[in-house]
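The shown structure was predicted, so the numbers you read here are calculated from the model rather than taken from an experiment. So you know, we letter chains A, B, ... as the sequences are listed, proteins then strands, and number each from 1.
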There are 2 protein chains.
Amino acid sequence: MLGEPIRDRRSERHERTKAEILDAAWEIARAGGLAGLTLRDVARKVGMRPPSVYSYFASKHAVYDAMYAQGCREFLGRVSRLDLTGDPLRDLTTGAWIFIDFCVEDPARYQLMFQRTVPGFEPSAESYALAVQALESLRAGLVKIGITAPEALDMLTALTTGLVDQQISNDPGGDRWLKLVDEAMEMFLAHMRSRTHRKVR
Amino acid sequence: MLGEPIRDRRSERHERTKAEILDAAWEIARAGGLAGLTLRDVARKVGMRPPSVYSYFASKHAVYDAMYAQGCREFLGRVSRLDLTGDPLRDLTTGAWIFIDFCVEDPARYQLMFQRTVPGFEPSAESYALAVQALESLRAGLVKIGITAPEALDMLTALTTGLVDQQISNDPGGDRWLKLVDEAMEMFLAHMRSRTHRKVR
DNA sequence: GTGATAGTCCTAATCGTGTTAGGAGAACCG
DNA sequence: CGGTTCTCCTAACACGATTAGGACTATCAC
């Protein structure tokens, strides 16, 4: 019962160390792949013995979960900084680029957040709520652009995901891939328009 | 130097056991995920002690490699069984479905072959040659359909990959996803046509 | 101050992995 | 038969995540 005040004072340092551990984890994951992440390496990088990490995270999965949540917050921040011009193609493209950049600039993060590849890892309810919030925010942006039908969202998701995958695993020469992304956005918009026409007819 | 004849006689049994191990590995990977695959479990399933597996495969990666090669052969077989009607949309759709089905019906296999997610795994040169052959064969089929430009191939790859990812990780209700795939093929073909027009003009 | 308490970090040990060493026995060849 | 190869085993190692338990420190109530 007396622990509360202690916690309040110390928590600052605690949180700082926690962040330091998380930073180390990201660095290692980026360098050696998500699956290559090791608590031992993390501990070494922050100057601890492996078991000491457990003073900050209950398990390796808890570290993954914190990384997941951090990724969600970063993503949410970027989405909310987006502002629209009113030109559908332009807006769609910049919107898509937010997602695509986010994924491509850090494949380890992409793998953690969007591909389910870490053996027993499931984000906690708390972290998952963040993810839902982020995707919700993205969807709201798309609605403003005029993309409302669920099938359209599915299609756009598939398309962008596929582009990201291609960049991460094949990496065609930078320029070629950039053009591909733009062309894909054009294709998608043209398709959306043709569908509207069909319905009108 | 005298080993050859022995090897010839015994190899039959050897190959059979090897296949049995591989089957066990697939079964375990399908059930518990690719990363959940354990040599100990494999050994148990075929009634051996773990180290005995090393009489058949040099390492766990060698097992992965054999699975990879097996996947390539299966894929190649399906591609070569494809026959074309001459109707581009129809042919494209059936062709795409070969790839999509192949991926979706066994996510573990998809992960092994197309997502680079197993920590230190790289297919051997031999297995990789099989993969190249399979993709080459697929490309030849697409050329027959009329899809020749590399950008078109990139686009189609991205699109199908994205559709597969969506099915594996989200699984929207079966019917909805099936429609999405068909619509994507339509969209792609329409886009191809519009590009041709632009060039002609 | 003193003593209790919480927080941090350590060493030692457990358990589950892949993997190696080394040997026993069967199958096979001459 | 004698030698060779193959198959499988037990023992052991290295390296992961964890847990147990203790020392030391910072804090708090008094």
Side-chain angles (χ1 to χ4, degrees), chain A residues 1-22 24-25 28-29 31-67 112 117-122, chain B residues 1-22 24-25 28-29 31-67 112 117-122:
Chain A
M1 286 296 174
L2 303 174
E4 287 295 285
I6 295 180
R7 171 118 227 169
D8 284 354
R9 290 259 197 104
R10 291 235 199 141
S11 60
E12 190 190 328
R13 182 194 153 156
H14 188 86
E15 290 308 315
R16 222 180 311 131
T17 309
K18 218 166 155 176
E20 199 186 333
I21 290 173
L22 227 44
I28 292 167
L34 194 59
L37 180 62
T38 280
L39 279 194
R40 285 170 140 75
D41 288 344
V42 173
R44 188 172 319 127
K45 185 154 258 175
V46 299
M48 281 177 181
R49 300 293 175 159
S52 302
V53 177
Y54 287 79
S55 292
Y56 299 91
F57 294 95
S59 67
K60 193 183 181 184
H61 276 11
V63 176
Y64 280 133
D65 192 58
M67 293 167 81
L112 175 65
T117 179
V118 179
F121 174 65
E122 287 281 330
Chain B
M1 286 299 172
L2 301 174
E4 287 294 286
I6 294 180
R7 170 116 226 172
D8 284 355
R9 290 258 198 107
R10 291 234 200 141
S11 61
E12 191 188 330
R13 183 196 149 152
H14 187 86
E15 291 307 316
R16 223 180 311 130
T17 310
K18 217 166 156 175
E20 198 186 332
I21 289 173
L22 229 42
I28 292 167
L34 194 59
L37 181 62
T38 281
L39 279 194
R40 284 173 143 78
D41 288 344
V42 172
R44 188 173 318 127
K45 184 154 257 174
V46 298
M48 282 179 180
R49 299 294 175 155
S52 302
V53 177
Y54 286 79
S55 292
Y56 299 91
F57 294 96
S59 66
K60 192 184 181 184
H61 276 12
V63 177
Y64 281 133
D65 192 59
M67 293 168 81
L112 176 65
T117 180
V118 180
F121 173 66
E122 287 281 331

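Using a 4.0 Å heavy-atom distance criterion, S59(B) is classed as a sugar-phosphate-only contact. Residue contacts shown for Y56(A) are limited to sugar-phosphate atoms, with no base heavy atom under 4.0 Å away. Base engagement by S52(B) is indicated by at least one non-hydrogen atom pair under 4.0 Å involving a base atom.
When distances run from any side-chain atom of P51(A) to the nucleotides dC8(D), dA12(C), dA11(D), the shortest one goes to dA12(C). Nearest nucleotide to the side chain of K60(B), out of dA17(D), dC8(D), dG18(C): dG18(C). Here the side chain of P50(A) is nearest to one of dT18(D), dC9(D), dT17(C), namely dT18(D). Picking from dT17(C), dT19(D), dC9(D) the nucleotide with the shortest atom distance to the side chain of R49(B) gives dC9(D). Each of dT8(C), dT18(D), dC8(D) was ranked by its minimum atom distance to the side chain of S55(B); first place goes to dC8(D).
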Q: Show your working on side chain to side chain contact (heavy atoms under 4.5 Å, CB included) between M67(B) and L37(B) and close with a plain yes or no.
A: CA-CA 12 Å; M67(B) 293 168 81; L37(B) 181 62; 4.2 Å; yes
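Put simply, H14(A) has no side-chain N or O that comes within less than 4.0 Å of OP1 or OP2 on dG7(C).
The CG-C1' distance, from L39(B) to dG16(C), rounds to 13 Å in whole Å. Rounded to an integer number of Å, the gap from I21(A) CD1 to dT8(C) C1' is 11 Å. Remark: C1' of dT8(C) and NZ of K18(A) are 14 Å apart, rounded to the nearest angstrom. What separates CG of L37(B) from P of dT19(C) is a distance of 11 Å, to the nearest Å. Distance F57(B) CZ to dT20(C) C1': 19 Å, rounded to the nearest Å. Atom P of nucleotide dT8(C) and atom CE of M48(A) are separated by 9 Å, given to the nearest angstrom. In this structure, the CZ atom of R13(B) is 13 Å from the P atom of dC6(D), given to the nearest Å. To the nearest angstrom, P of dT14(C) lies 17 Å from OH of Y54(A).
Taking both residues in full, the closest heavy atoms of I28(B) and G36(B) are given as CG2-O, 4.4 Å, listed atom of the first, atom of the second, then distance.
Interface remark: the R40(B) side chain does form a donor-acceptor pair with the dG18(C) base, using a distance-only criterion of under 3.5 Å.
Between F121(A) and Y64(A), the ring-plane angle classifies as tilted under the 30° and 60° cut-offs.
Ion pairing between E12(A) and R16(A) holds under the 4.0 Å rule for side-chain N and carboxylate O.
Heavy-atom distances to DNA chain D give each of A58(A) and G47(B) a nearest nucleotide, and the one nearer the 5′ end belongs to G47(B).
Proximity of V42(B) to V63(B): side-chain heavy atoms (C-beta onward) are nowhere separated by under 4.5 Å.
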